[in-house]
Amino acid sequence: MGAMTVQVREFSVGQLAHRSGVAVSALHFYERQGLISSRRTAGNQRRYSRDVLRRVAFIRISQRVGIPLAMIKRALDELPAERTPTRRDWARLSKSWETDLTSRIEELTRLRDNLTDCIGCGCLSLSTCVLANPKDELGDHAAGPQRIFDPLVDESA
Ligand code: FES
């Protein structure tokens, strides 16, 4: 009869891995971290409800953007009654991820530009290299001893 069209309500971990393209080990890891959950069958096998697929997608996409798991978990924990992110939830969360991503891009762009200054320099000086001293922190301090360790000073002298 209509057996072919019956929708699977639950997945085993292998099926979830297959559907999501995420390795079983990663799914177990997510579960240990409290990002997804399952019920156990009488035979002690994990079963995941269908909406876990959406949660896994949310986790993967967020990770792709470079969001740390702890932050992803916090976002998921804020959803009422362990709800899987809806379209609206995702719209709101992805907006805040975007802000985060933009600031990381700016930071990386700054780093790249500074690294460009370093290429071919080789000074490796903690006081003058733009990467070692990005905000010119030493310059902000008053006169006097400014570093405990300075590789250019031979302390045994
Ligand atoms: S190594 Fe000289 S500026 Fe960075």
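Worth knowing before you read on, the calculation uses all heavy atoms, side chains too, and leaves out hydrogens, waters and symmetry mates. Residues: numbered from 1 along the sequence shown. Note that ligands are numbered from 1 as they come in the structure, with each ligand's atoms numbered from 1 the same way. As the structure is a computational prediction, the values presented were derived from the model and not from experiment.
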For the side-chain hydrogen bond (donor to acceptor under 3.5 Å, both in side chains) test, which of Arg46, Arg39, Gln15, Arg50 pairs with Glu10?
-> Arg39
Check the pair Phe58 / Asp89 against side chain to side chain contact (heavy atoms under 4.5 Å, CB included), numbers first and verdict last.
-> CA-CA 10 Å; Phe58 172 80; Asp89 293 327; over 6 Å; no
Protein N/O/S atoms closer than 2.8 Å to atom 4 (Fe) of ligand 1, ordered by chain and number, come to Cys118 SG, Cys129 SG
Main-chain N/O of Ser37 paired with Arg55 side-chain donor or acceptor, under 3.5 Å = no
First locate atom CG of Asp51, then atom OG1 of Thr86, and finally report the distance between them rounded to the nearest 0.5 Å.
-> 12.0 Å
Residues in side chain to side chain donor-acceptor pair (under 3.5 Å) with Arg112, at least two apart?
-> none
Taking the side chain as every heavy atom from C-beta outward, state whether Arg74 and Asp77 have any atom pair closer than 4.5 Å.
-> no
